[in-house]
Amino acid sequence: MVKANCPSCGGEIIFRSKTSVFAVCSYCRSNVVRHDVDLEAIGKQSELQEDMSPIQLGSRGKIHGKSFFVSGRIIAHWEDGRWNEWYVTFEDGSDGWIAEAQGDFSILSKPKKEEQIPPMSKIKVGNKIKIGRKKFEIVDIKEMTCIGSEGELPFRGIEGRTSVSVDLTHHDGSFASIEFNSEDGATLYVGEYASLKKMKMENLRLFNGWGRP
Amino acid sequence: MGETLRKKRPEVIRPVVKSFNCPNCGATLSITAVGVTLSVVCKSCRSIIDANDPNYKILAKAQHVRQAFQPYIPIGRRGTVSGKVFECIGYMERADGPYEWREYLLFNPYVGFRWLFEMDGHWSILKKLRGGPSDTSYESVEYKSQTYKLFNKGGARVKYVEGEFYWRVNVGDKSHVQDYINPPYIISEERTKSEVNWTFGKYLEAEKVKKIFNLDEEPPYQTGVGPNQPSPVAQRFKEQIKFGFQAIVVLCFLAVLRAATADKEVLFSGQFYHDDSRKNVSSRNRLRFYNPVTKKYEWKDGTSAKIQEEKENSSNRSKIATSPEFEIRKHAGNLKLHGYANVRNNWVWLDVLLVNTETGKGVPMPMEISYYSGRDWKEGSRTNDVYEYNIPPGRYKLSIKSQSGGRLYPYSLTLTRDAIIGSNLIWCLIVIIVFPFFNFFRKRSFEVRRWSNSDYSPYYSEEDY
């Protein structure tokens with residue numbers, strides 16, 4: 001855990017993950033880039049568009065015996081809606097994501113072995129890609145734009161950042177996600193659909209009148 | 001010094017609500033599933049608005065859409081299902097030609113969306129299946145090691161919408177739907193040009209829907225059998241088969257027990273010959289009698305006992321015979337009189353009287369023995385059994401007057417006390433079997449009615465031939 005001060009307003013910024021390169025100051029909404037020695041503010045973000053997501057920065061959970069902590073979020077927008085991608089840090093230092101879309105959650109982490117990510121030319125809905133020992137089917141390809149972020153992220157989560165998000169599924173319920181970005185390259189995460197209950201999530205937002213998670 | 005960090009009580013915050021004005025008519029609209037809802041239908045002008053667009057652009061202008069039904073569950077109504085509070089946020093009427101149905105979108109911020117589907121008064125609660133079934137074929141799909149049979153295939157067209165939805169819905173939207181059933185469960189596959197969605201659901205009783213949402217009105221009237229409606233008879237049938245099996249086992253045990261413990265005391269057994277050349281009706285018999293001295297049953301060779309011929313009626317071919325006296329002990333139980341006559345295409349009528357030698361009173365135990373046969377048929381039997389009950393203990397004899405359609409046939413009689421009545425066992429079995437037997441047909445009739453709404457019925461119908 002690294003504590004630092006926002007170069008714009010001086011407020012405290014905490015980096016919990018070694019792989020975080022970016023954070024949004026919770027006080028002044030400045031986009032803060034983390035270099036080796038110092039921090040650099042590169043503009044400000046508008047206020048986050050609120051939603052009814054039960055997850056918040058600081059929510060915790062456990063999946064397959066590994067605890068994790070939610071430390072960042074990016075709100076992704078595409079032509080047919082928006083969804084949340086929550087950046088999580090596992091207890092062993094690795095990182096991952098909780099993708100929240102249309103009321104469903106999936107938790108993803110980096111595959112155990114370095115996987116060969118196929119080139120964009122092979123990315124077509126219906127194509128099968130081998131990840132690990134399983135053959136996943138591409139079910140969705142979206143062009144997404146970041147419309148806001150908070151907390152810390154492994155890339156520059158600034159408004160307007162575009163990327164191509166590819167969803168892959170396996171009939172046993174496992175899920176994979178590939179993101180292609182012009183600056184950050186291609187990243188692959190694998191995981192599964194999981195309910196808040198399955199992820200044993202705590203410190204969730206509680207909404208008046210909606211009972212308990 | 002350091003502060004003790006007291007665990008903060010989780011803060012309950014106000015739900016996030018997004019309100020805006022309808023760009024078409026200015027009415028105030030609000031969204032419940034903020035962040036997920038994509039299209040909202042204006043309550044006033046029925047325009048469909050893009051909730052994600054910063055300018056709330058209109059997706060579909062005010063339509064004079066035909067609303068076929070008033071939604072049974074009003075938009076905004078909340079109800080608790082499996083411990084979770086759901087709010088009905090969307091209502092949709094869809095149709096495939098003349099077949100119409102209604103779908104209600106339920107939302108809970110912690111568990112997401114569910115669907116309530118209603119058609120012909122039958123309800124199901126469904127949720128999106130991630131990943132689809134494990135195996136699909138033309139006629140069925142496999143899910144969680146169970147088979148779901150194809151029930152119907154068809155189109156679905158949106159006729160009317162109200163409330164908010166998580167995709168860009170529009171009146172006229174078309175998709176292809178396939179339903180697979182495994183009552184009470186149902187799996188539905190919905191295809192559009194761009195995607196395939198699987199939903200999994202379970203039948204929900206209409207009264208439960210009324211209760212869940214605390215509604216005053218009665219749910220829509222139910223007709224026919226719902227595709228995934230659980231068969232009330234099937235469960236009963238299963239229980240009856242199980243019970244019947246157990247009952248038969250108990251019955252067999254009791255039967256064996258009875259057979260082993262019944263006294264089967266032969267009070268009298270004898271054969272009667274009508275020999276015109278002989279003066280007397282002779283008999284051979286062995287008597288089993290109770291020796292009060294030794295307190296045991298003993299066999300007595302009955303050659304010494306004689307049947308007395310009493311009278312001969314000259315006009316009828318009949319003879320009267322009397323058995324030696326025997327004793328019926330205290331606990332008479334049942335009395336079984338078993339008769340045999342070697343009739344051939346003829347009959348014998350035995351007018352048997354069980355006479356109490358002390359009181360002179362006689363209890364009639366008449367018996368007919370008739371047997372007819374042809375080349376490939378037969379009717380009747382050479383034996384017969386007659387039963388008598390509640391005979392008080394005492395000393396008795398049998399007085400037998402026999403008549404016959406032809407010659408005087410020889411016959412034999414055996415009177416047993418506490419006999420085994422085999423037909424009772426048969427009747428018990430029939431009673432055990434009759435209920436599951438009828439329910440088997442009722443169950444079948446329910447299934448035939450269920451599948452009558454399907455194009456893939458495994459049953460023959462009038463249209464097949």
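Everything numeric here is computed off the predicted structure, so don't read it as measured data. All chains are named by letter (A, B, ...) in the order of the sequence lines, taking the proteins before the strands, and each is independently numbered beginning at 1.
- By the neighbour-count criterion of 12 heavy atoms within 6.0 Å, atom NZ of B:Lys149 is sparsely surrounded, having that number or fewer from other residues, nucleotides or ligands.
- Counting heavy-atom pairs closer than 4.5 Å to chain A, the top-ranked of the candidates B:Glu87, B:Lys128, B:Lys127 is B:Glu87.
- The residue from B:Arg94, B:Arg46, B:Arg102, B:Met92 that alone fulfils the side-chain contact (heavy atoms from CB on, under 4.5 Å) condition with B:Tyr160 is B:Arg46.
- Only the side chain of B:Arg168 comes within contact range of chain A, with at least one heavy atom under 4.5 Å from a heavy atom of that chain.
- Looking at A:Phe105, the atoms closer than 4.5 Å to chain B (heavy atoms on both sides) all sit in the side chain, from C-beta outward.
- Contact annotation: the side chain of A:Lys110 approaches that of A:Tyr189 to within less than 4.5 Å [non-hydrogen atoms, C-beta and beyond].
- For B:Val36, the part lying near chain A is the side chain, with the backbone staying farther off; criterion is any non-hydrogen pair under 4.5 Å.
- In terms of non-hydrogen atom pairs under 4.5 Å with chain B, the most contact-rich of A:Phe175, A:Phe207, A:Trp83 is A:Phe207.
- Neither the backbone nor the side chain of B:Val17 has a heavy atom closer than 4.5 Å to any heavy atom of chain A.
- Contact count versus chain B (heavy atoms, under 4.5 Å) is highest, among A:His77, A:Glu50, A:Arg82, for A:Arg82.
- Between the side chains of A:Glu192 and A:His64, a donor-acceptor pair is found at a separation under 3.5 Å.
- In terms of non-hydrogen atom pairs under 4.5 Å with chain B, the most contact-rich of A:Asp80, A:Leu196, A:Thr169, A:Asn203 is A:Asp80.
- Note: A:Trp86 and A:Phe69 fail the aromatic proximity criterion, with ring centroids not under 6.0 Å apart.
- The six-membered or imidazole ring of B:Phe200 lies away from that of B:Trp115, with a centre-to-centre distance of 6.0 Å or more.
- Of the listed residues (B:Ile13, B:Thr32, B:Leu38), the one with the most heavy-atom contacts under 4.5 Å to chain A is B:Ile13.
- Applying the ring pair (Phe, Tyr, Trp, His ring centres under 6.0 Å) test to every pair with at least one member in residues 120-165 of chain A, sequence neighbours left out, gives these pairs: A:Trp97-A:Phe155, A:Phe136-A:His170.
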